[in-house]
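Worksheet: one structure, shown below.
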Amino acid sequence: MQKLLSYLKPYRGKVVLATVLMAISAVCSLLLPTLMSSVLDEGVAGAADADAFGAILRTAGLMLAVSLVSLASVAGGYWVVYHVISGYTWSLRSALFRKVHTMTLAEVGRIGASNLVTRSTHDVGTLNWLISMLCGNMVIIPLMFLGGVALCMRKDFRLSLIILAAVPFLLAVFLLLSRKIAHLWEVSDEYCDKQNDLVRERLRGVRVIRAFDREAHAHKRVTEATRIMADNIIRANVSMAIIDPLAGFVLNTAALLVVFVGGIRMERGSVLTPGDIFAMIQYIAIILNAIVSVSFSIVLLPHARVAAKRLSQVTESKGVEDDRPAEGLRFSGNIDLENVGFTYPDSPAPALSGIDLHVRAGEWVSVIGGTGSGKTTLAELLLAFRSPTEGKLLFDGRDAAGLSPKDVRENVSCALQKSMLYAGTVAENLRMGKPDAADEEIWDALELAQIADFVREQPAGLDFKLEQGATNVSGGQKQRLAIARALLKEAPIYIFDDSFSALDFITEAKVRRALNERLAGKTRIVITQRVVSAMHSDRIFVLSDGALVGIGTHAQLLETCAIYREIFLSQTGGGSL
């Protein structure tokens, strides 16, 4: 919580200003009942006096002036408070956004993409309430409460004891409620995350759900998570709703007792006046407002604590610790893996183990294996998304552990397994590979990726708009656009991670032929499950269960590697390709 509140530091001056303005408003509010009591005692009760009406007018004018000062102070205070809140929200969300972009893949996977969205919206909103309370009520609530109690005692000490007797009872009830509500908010936030996960999963898998006619089942899962979330929110809010009527009942009962006991004392000759009793009733209302505000703070504070805990999991995540400055290195393309192993956190078995793999500059190699063999993990190591848990990964003889990830990625161009395209034009998506690329270069990359004809058919050409997730193009077109983006970037190393899986054999052959011509002399690593994508490589590396089980050409592996031969036979039936 303390670290999250540190984002308020740039706004300390405004917080102090808001506090002063709110304090002025509170003092004005406390003055009004005293002034009103003088109107009753000196103006109404003393109506026979010659100057009674003048006294009423003077006091009323003073009350008007105090009210205007209070209005101006509270308006200015809230104007400053909302500036502080908006600034704090901007600072916190900016920090969260930056942190998310530096988190490791394991940290993102542990928290979840949907949960990160919830935390940067819903939980930040909860902390906004806390900041508004600190800025607006940090001084005004105790000032109103203590001031009201002190002025009540000034009017009559004995009657003020009636009010003070009610306060401990109310605070005890509110503390008990806060303990109950804290758990309810925690569960509701947990299921809010789960609901978002399920909705996101449902939207991404809507085709599969409809294809198997499982809409009712998918809806049931979301409904159940929503029901539990709503149930806990309703129970929490019902518990909170008790506060206002309970406080009102107790303090209005106290006001009734003040009037009753005060009337008896006035009959017995006490110095109490009707104005004093009226002022005390007004102070009871002020104390009531202060207690209700405190009670809401007590009850909602656990919710803010839960939100702060969830946000701290993001802001305090280790992330990619990179204090290594980029050296502007240019690799020749030599890659060496020496006894490399990698194990995912909490995984019972390594994803890769004992990998000895050497790629020469300018060589075209393929990595082939079945699902779960470790191919994509290998690609993530080569792209510095992850670091080996065992062994060494070397680029041109230099250990990647001592290199900046920026240096590694500047020397590697890639088309990843998931052809991620963004909402925007074709040109904007391809220029991610080379921001200053001319239109001619983009068309050249599209030609090589066998997608130029499709783009030319669009009236907008390179300005053809891709929807979010590129849902308005086919899977094969996505892959070819991703390949074109990779080709646009000039790099000594190119990685194609299962980038041809959605292409038919004829289109893939054309793409591979174009790649061989354009990338001659560059290091090319093709990661695939298809023999046809690997068989013409200079060398093929065969992975199985995270281990390297075969190295050689297509013909050599058919003779020496049983797993490669099995893959070949399963895909071709023993025929030639």
Side-chain angles (χ1 to χ4, degrees), residues 333-342 349-383 388 390-391 393-394 414-417 479 483 493-517 519-577:
N334 290 302
I335 302 172
D336 298 285
L337 282 77
E338 298 178 353
N339 197 32
V340 165
F342 181 82
L352 292 172
S353 61
I355 303 295
D356 280 300
L357 187 153
H358 307 280
V359 181
R360 296 182 294 273
E363 191 175 15
W364 170 24
V365 301
S366 293
V367 179
I368 192 169
T371 301
S373 60
K375 302 186 304 298
T376 296
T377 302
L378 177 61
E380 291 179 350
L381 294 179
L382 295 173
L383 286 163
E390 296 176 8
L393 168 61
L394 307 171
C414 62
L416 297 175
Q417 188 175 32
Q479 283 195 336
I483 291 169
I493 301 170
Y494 289 81
I495 298 174
F496 300 94
D497 182 10
D498 210 10
S499 304
F500 310 120
S501 58
L503 306 183
D504 60 78
F505 289 118
I506 295 175
T507 303
E508 181 183 351
K510 291 179 180 178
V511 172
R512 280 192 285 107
R513 192 179 306 116
L515 293 181
N516 289 338
E517 293 175 0
L519 302 181
K522 308 281 189 179
T523 301
R524 288 150 287 162
I525 301 174
V526 176
I527 298 172
T528 182
Q529 296 185 58
R530 291 162 59 166
V531 170
V532 69
S533 301
M535 59 188 297
H536 300 293
S537 305
D538 297 332
R539 282 190 300 160
I540 303 170
F541 299 95
V542 184
L543 289 178
S544 178
D545 295 328
L548 186 61
V549 297
I551 302 175
T553 64
H554 172 66
Q556 291 170 341
L557 290 171
L558 285 177
E559 295 292 331
T560 61
C561 183
I563 291 177
Y564 184 80
R565 187 164 54 250
E566 182 183 338
I567 295 172
F568 175 78
L569 292 173
S570 67
Q571 293 182 9
T572 66
S576 61
L577 291 174

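Heavy atoms only, all atoms of each residue included: E363 and H358 are closest at OE1-O, 4.4 Å. Closest of all the heavy-atom pairs between S499 and I483 is O-CD1, 3.6 Å. For S533 against S366, the heavy-atom pair with the smallest separation is O-OG, 3.9 Å. Closest approach of A520 and R524 over heavy atoms only: CA-NH2, 4.4 Å. Considering every non-hydrogen atom in both S373 and L352, the closest pair reads O-CD2, 4.4 Å. Scanning all heavy atoms of the two residues, the minimum distance from F500 to Q479 falls at C-OE1, 3.4 Å.
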_Residue pair F541, L378: steps toward the side-chain contact (heavy atoms from CB on, under 4.5 Å) verdict_ = CA-CA 12 Å; F541 299 95; L378 177 61; over 6 Å; no

*Kindly indicate, with the supporting measurements, whether the criterion side-chain contact (heavy atoms from CB on, under 4.5 Å) is fulfilled by W364 and L515.*
CA-CA 10 Å; W364 170 24; L515 293 181; over 6 Å; no

*Go through the steps for H536 and V526 under the test side-chain contact (heavy atoms from CB on, under 4.5 Å), then give the verdict.*
CA-CA 11 Å; H536 300 293; V526 176; over 6 Å; no

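Once rounded to the nearest 0.5 Å, the distance linking CD of Q417 with OG1 of T528 reads 10.0 Å. Rounding to the nearest 0.5 Å places CD1 of I527 at 10.0 Å from SG of C414. Atom CG of D356 is separated from atom CG of L548 by 8.0 Å, given to the nearest 0.5 angstrom. Here I368 contributes atom CD1 and D498 contributes atom CG; the two are 10.0 Å apart, rounded to the nearest 0.5 Å. Atom CD1 of I335 is separated from atom OG1 of T523 by 6.0 Å, given to the nearest 0.5 angstrom. Taken to the nearest 0.5 Å, the CG atom of N334 stands 8.5 Å off from the CD1 atom of I493.
Residues Y564 and V549 are not in side-chain contact: their nearest non-hydrogen atoms beyond the backbone lie 4.5 Å or more apart. Proximity of I355 to L543: side-chain heavy atoms (C-beta onward) are separated by under 4.5 Å at one or more points. Proximity of R539 to L357: side-chain heavy atoms (C-beta onward) are nowhere separated by under 4.5 Å.
Within a 6.0 Å radius of NZ in K522, more than 12 heavy atoms belonging to other residues, nucleotides or ligands are found. Atom CG of D545 sits in a sparse spot, with 12 or fewer heavy atoms from other residues, nucleotides or ligands closer than 6.0 Å.
Side chain of R565 to main chain of L558: a donor-acceptor pair is present (N/O by atom type, distance under 3.5 Å, no hydrogens or angles). Without hydrogens or angle criteria, K375 side chain to G369 main chain gives a donor-acceptor distance under 3.5 Å.
Under the 3.5 Å distance criterion, with hydrogens and angles disregarded, no donor-acceptor pair is assigned to the side chains of S501 and Q529.
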